[in-house]
There are 2 protein chains.
Amino acid sequence: MKNRKIPLNLNCGLDLVGEVLYGKWKMRLLWFIKQGHKRPSELQRKIPDASRRVLNVQLKELEDHELISKVVYPVVPPKVEYNLTEFGESLIPVIGAIGQWGDSNEERLRALIMATPASKIEVVSEE
Amino acid sequence: MKNRKIPLNLNCGLDLVGEVLYGKWKMRLLWFIKQGHKRPSELQRKIPDASRRVLNVQLKELEDHELISKVVYPVVPPKVEYNLTEFGESLIPVIGAIGQWGDSNEERLRALIMATPASKIEVVSEE
DNA sequence: TTGCATAGGGATAATTTTATCCCCTATGGT
DNA sequence: ACCATAGGGGATAAAATTATCCCTATGCAA
């Protein structure tokens, strides 16, 4: 998400949403924050597949887009909390719907995804 | 979407949905097909920002994921039609919800996105 | 004194995703 | 012959996204 060479297209609602919600971990971040996991370290534990760095970056973008707000407590060791803004809250039902569809179709999706050539992982022999 | 080096994570519903719906044009393709624009050339006209090639690729993925089905008529010049499968149909309300949220918040989103440093386009002087 | 927890961020590499380019099919019309 | 139509696809370049590595700071505990 740095300066782009290719102009954004922001024609329809879908484009606009994409701009703030695309990002591998963003929806999950919003979701977990909604569930009360507000501190960076908690979120990190909830999403161990993402590195701390990446979460920071995506949190920052969510903040820039006013979906979450950040509170920094001036204590040591540092303490930070994220909260959904009202704007962010309004997205929760949408994310809920997406996750819900995924959960409802979990088995089928899993099978489809695994069957797709695109998802075959390239196994590299260890050394 | 070729063979990947980094394992997919398919922990929750959100991950699963992402696997079939991430892709710059996929939701729009589904949406337009739903609206009756079933032929590749129609879709292309609806989404002029994407090249024909890219649409083909994404349509193929949607097909592999059983969200749409493809009918090839053995005529010349060729005629092809895509239709939503039932599975694909079941996604329409979700896509609708996303687009709806985007439309409802269009102005705010547009302003936020433009204000974000990340979206500043790198202007290259001509020549 | 070293180690740990907490949070943050620059620089760069790796990976994935999109875009671009160019070519192919077959038939009917000019 | 040559073009237009309607649909496809390989190869490669470019761009965008993620991951990795390493460094900052503070106060407390072993």
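The sequence lines fix the lettering, A, B, ..., with proteins before strands; numbering per chain opens at 1. A quick note: this is a predicted structure, and the numbers were derived from the prediction, not measured.
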> Using whole Å, what does the distance between atom C1' of nucleotide dT6(C) and atom CD of Glu81(A) come to?
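After rounding, the reported distance stands at 14 Å.
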> Do Val71(A) and Asn83(A) touch side chain to side chain, with heavy atoms closer than 4.5 Å?
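Touching, per the 4.5 Å side-chain cut-off.
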> Report the C-alpha distance between Lys26(B) and Glu61(B) in whole Å, list the side-chain angles of each, state the deciding distance to 0.1 Å, and finish with yes or no for salt bridge (Lys or Arg N to Asp or Glu O under 4.0 Å).
CA-CA 9 Å; Lys26(B) 286 189 182 177; Glu61(B) 289 176 6; 2.7 Å; yes
> Once you round to the nearest 0.5 Å, how far does CD of Glu63(A) lie from OG of Ser69(A)?
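Here the interatomic distance stands at 7.5 Å.
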> Over all heavy atoms of both residues, which pair between Leu43(B) and His37(B) is shortest? Give the atoms and the distance, please.
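Answer, listing the atom of Leu43(B) first, then His37(B): CD2-O, 3.1 Å.
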> Asp49(A) and Asn9(B): side-chain donor and acceptor closer than 3.5 Å?
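Their side chains do contain a donor-acceptor pair, which is all the 3.5 Å distance test asks for.
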> For dG8(C), does either OP1 or OP2 sit under 4.0 Å from a side-chain N or O belonging to Lys70(A)?
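Affirmative; the distance criterion is met.
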> Starting from Val20(A), can I reach Val57(A) by hopping between I/L/V/M/F/W/Y residues whose side chains sit under 4.5 Å apart?
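No; Val20(A) is not reachable from Val57(A) via cluster members.
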> Measure the distance from CG on Leu55(A) to C1' on dT6(C) and round it to the nearest whole Å.
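One finds 15 Å between C1' of dT6(C) and CG of Leu55(A), rounded.
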> Just the rounded figure in Å: distance from C1' of dA14(D) to CZ of Arg4(A).
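Value for this atom pair: 14 Å.
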> At under 4.0 Å, does any side-chain N or O of Asn56(A) touch on OP1 or OP2 of dG8(C)?
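Affirmative; the distance criterion is met.
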> Does dT18(D) have OP1 or OP2 sitting under 4.0 Å from an N or O in the side chain of Gln58(A)?
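Yes, because at least one side-chain N or O of Gln58(A) sits under 4.0 Å from OP1 or OP2 of dT18(D).
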> Roughly, in whole Å, what's the span from CG in Leu8(A) to P in dT18(C)?
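Taking atom P of dT18(C) as the reference, CG of Leu8(A) is at 14 Å.
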> To the nearest angstrom, how far is Tyr73(B) atom OH from dG8(D) atom P?
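Taking atom P of dG8(D) as the reference, OH of Tyr73(B) is at 13 Å.
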> Between P on dT16(C) and CD on Glu19(B), what's the gap in Å once rounded to a whole number?
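Answer to the nearest Å: 11 Å.
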> Which pairs, protein N/O on one side and nucleotides 19-25 of chain D N/O on the other, fall under 3.5 Å?
from	atom 1	to	atom 2	distance (Å)
dA19(D)	OP1	Lys24(A)	NZ	3.2
dA19(D)	OP2	Trp25(A)	NE1	3.2

> Are Gln100(A) and Ser104(A) close enough that a side-chain donor and a side-chain acceptor fall under 3.5 Å?
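On atom types as modelled, these side chains qualify, holding a pair under 3.5 Å.
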> Is there a side-chain polar atom (N or O) of Lys79(A) under 4.0 Å from OP1 or OP2 of dT6(C)?
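Looking at the OP1 and OP2 atoms of dT6(C), neither is under 4.0 Å from any side-chain N or O of Lys79(A).
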> Checking Trp25(B) now: which residues fulfil ring-ring contact (aromatic ring centres under 6.0 Å, His included) with it, not counting sequence neighbours?
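Checked Trp25(B) against ring-ring contact (aromatic ring centres under 6.0 Å, His included); zero matches.
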> Taking only heavy atoms on the protein side, list every residue of residues 39-48 of chain B lying under 4.0 Å from any atom of DNA chain C, sorted numerically.
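Those residues: none at all.
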> Atom NZ of Lys60(B) and atom C1' of dG7(D): how far apart are they, to the nearest Å?
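Answer to the nearest Å: 15 Å.
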> Round to a whole Å and report the spacing from OH of Tyr22(A) to P of dT16(C).
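Roughly 17 Å, once rounded to whole Å.
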> Does Arg39(B) make a cation-pi contact with Tyr82(B) (under 6.0 Å, within 45 degrees of the axis)?
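Because its charged atom misses either the 6.0 Å distance or the 45° angle limit, Arg39(B) does not stack over Tyr82(B).
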